[in-house]
Protein chains: 2
Amino acid sequence: MDDVLALVRARGGRATVSRRVILEELFEAEDHLSAEALAEAVQAHAPDVHLSTVYRNLEDLQRLGIVVHTHLGHGPATYQLASLAHAHFICEGCGAAIEAPDELFRGLARMAKNRLGFSIDPRHFAILGRCADCV
Amino acid sequence: MDDVLALVRARGGRATVSRRVILEELFEAEDHLSAEALAEAVQAHAPDVHLSTVYRNLEDLQRLGIVVHTHLGHGPATYQLASLAHAHFICEGCGAAIEAPDELFRGLARMAKNRLGFSIDPRHFAILGRCADCV
DNA sequence: TCCTTGTTGCGAGTGATTCGCAAGTGATTG
DNA sequence: CAATCACTTGCGAATCACTCGCAACAAGGA
Ligand SMILES: [Mn+2]
Ligand SMILES: [Mn+2]
Ligand SMILES: [Zn+2]
Ligand SMILES: [Zn+2]
């Protein structure tokens with residue numbers, strides 16, 4: 001948190017109130033949040049932080065590598081600290097989101113690299129499918 | 001093509017001019033098309049087929065299992081015949097889209113099934129990463 | 001304290017898609 | 001062949017998730 005603000009300042013940025021509260025909520029959140037949900041959480045502490053300010057801060061924090069976003073489906077993107085990023089399986093039947101441990105992708109990563117020269121980063125878009133309950 | 005129209009009729013639908021031309025373009029297309037690109041192709045044959053008609057037909061054809069859509073990135077979805085669906089790797093550096101043969105996903109599919117009870121269908125969202133040229 | 005420059009609130013704009021509605025048209029019926 | 005009627009369409013407006021423009025504000029080094 002303080003390290004992040006130090007990095008922000010090192011890059012010529014300012015440690016504003018909005019920025020602080022947005023970061024606090026990101027550090028406290030246990031799962032990923034849409035920009036809108038984050039804005040609501042932020043507004044509980046700082047009522048007139050505007051949604052566009054949240055978007056702009058998320059943008060900046062992503063540029064700094066602090067935050068990443070993920071698409072879990074057709075809705076809004078979800079944001080979280082980069083250090084917590086992981087891949088997802090989403091059930092097309094019930095919408096359940098399952099966190100996919102990185103090691104599941106080892107084999108795919110190796111084959112994609114060897115056969116296509118491609119290095120995968122499977123965390124940006126979720127992988128759809130069906131959970132155990134939805135057959 | 002005729003089989004598809006037969007199926008449409010069997011489900012109570014009509015074989016309209018728009019529907020025919022949209023299907024023709026889908027059968028002729030060699031890669032996936034955005035709804036907008038498809039509308040343009042259609043309008044070359046039937047000038048006043050509206051973009052919203054294209055969206056509605058794609059929706060219906062997806063419900064019938066004839067068509068699927070895929071997200072290759074942040075832009076519009078792309079549509080194609082379900083029989084041609086495949087997974088994609090997209091380079092975050094240069095935007096290159098590489099078709100990913102289904103067998104690359106065998107191992108991941110098996111592990112997801114065994115360890116999480118989840119059956120993956122990796123064709124809906126692309127997998128991001130870096131191509132050989134973009135290191 | 002002043003000044004510079006990054007930031008913010010707010011509203012308007014954009015891209016992709018979806019909707020409402022009245023007019024139009026396939027297909028079944030008589 | 002009509003007549004009928006549910007399915008479709010064109011068109012514009014609405015929606016959702018962002019993104020931008022701009023004038024007012026406020027960090028933080030001088
Ligand atoms: Mn994204
Ligand atoms: Mn989709
Ligand atoms: Zn499920
Ligand atoms: Zn590349």
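Keep in mind that this is a model prediction, so the values were computed, not measured. Quick note on labels: first sequence line is chain A, next is B, and so on, each numbered from 1.
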(message) Looking only at the side chains, is there a donor atom on one of B/His45 and B/Glu24 sitting less than 3.5 Å from an acceptor on the other?
(response)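 No - no donor-acceptor pair under 3.5 Å links their side chains.
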
(request) Could you tell me how the ring of A/His69 sits relative to the ring of A/Tyr79: parallel (under 30°), tilted (30 to 60°) or perpendicular (over 60°)? (result)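 Tilted.
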
Please report the distance, rounded to the nearest Å, between [atom1] in [X] and [atom2] in [N].
{"X": "A/Leu7", "N": "C/dG6", "atom1": "CG", "atom2": "C1'", "result": "16 Å"}
{"X": "B/Leu58", "N": "D/dT9", "atom1": "CG", "atom2": "C1'", "result": "15 Å"}
{"X": "A/Asp48", "N": "D/dA24", "atom1": "CG", "atom2": "P", "result": "18 Å"}
{"X": "A/Leu23", "N": "C/dT7", "atom1": "CG", "atom2": "C1'", "result": "15 Å"}
{"X": "A/Arg63", "N": "C/dG6", "atom1": "CZ", "atom2": "P", "result": "13 Å"}

(request) State which residues pass side-chain hydrogen bond (donor to acceptor under 3.5 Å, both in side chains) with B/Glu92; sequence neighbours excluded, sorted by chain then number. (result)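 B/Glu92: no side-chain hydrogen bond (donor to acceptor under 3.5 Å, both in side chains) contacts found.
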
(message) Using the rule side-chain contact (heavy atoms from CB on, under 4.5 Å), only one of B/Asn57, B/Thr16, B/Val54 pairs with B/Val49; which is it?
(response)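 In the set B/Asn57, B/Thr16, B/Val54, the residue that makes a side-chain contact (heavy atoms from CB on, under 4.5 Å) with B/Val49 is B/Val54.
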
(request) List the protein contact pattern of nucleotides 11-20 of chain C with one symbol per nucleotide (5' to 3'): B for base contact, S for sugar-phosphate-only contact, - for none; contact means a heavy-atom distance under 4.0 Å. (result) B----SBBBB

(request) Could you tell me which residues satisfy ring-ring contact (aromatic ring centres under 6.0 Å, His included) with A/Phe125, sequence neighbours excluded, listed by chain and number? (result)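 With neighbours one apart ignored, the set is A/His71, B/Phe125.
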
(message) Please enumerate all residues that pass ring-ring contact (aromatic ring centres under 6.0 Å, His included) together with A/His86, with sequence neighbours excluded.
(response)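 Counting only residues at least two positions away or on another chain, A/His86 forms a ring-ring contact (aromatic ring centres under 6.0 Å, His included) with A/His32, A/His88.
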
Could you list the donor-acceptor pairs under 3.5 angstrom formed between side-chain atoms of residues 102-109 of chain B and any protein atom two or more places apart in sequence or on another chain?
residue  : atom : partner  : partner atom : Å
B/Asp102 : OD2  : B/Arg123 : NH1          : 3.2
B/Glu103 : OE2  : A/Arg115 : NH2          : 3.4

(message) Does atom CD (A/Glu36) have a neighbourhood of more than 12 heavy atoms from anything else shown, all under 6.0 Å?
(response)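 Not buried by this count: 12 neighbours or fewer within 6.0 Å.
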
(message) Among residues 10-20 of chain B, which ones have heavy-atom contacts with DNA chain D below 4.0 Å?
(response)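 Output list: B/Gly12, B/Gly13, B/Arg14, B/Thr16, B/Ser18, B/Arg19.
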
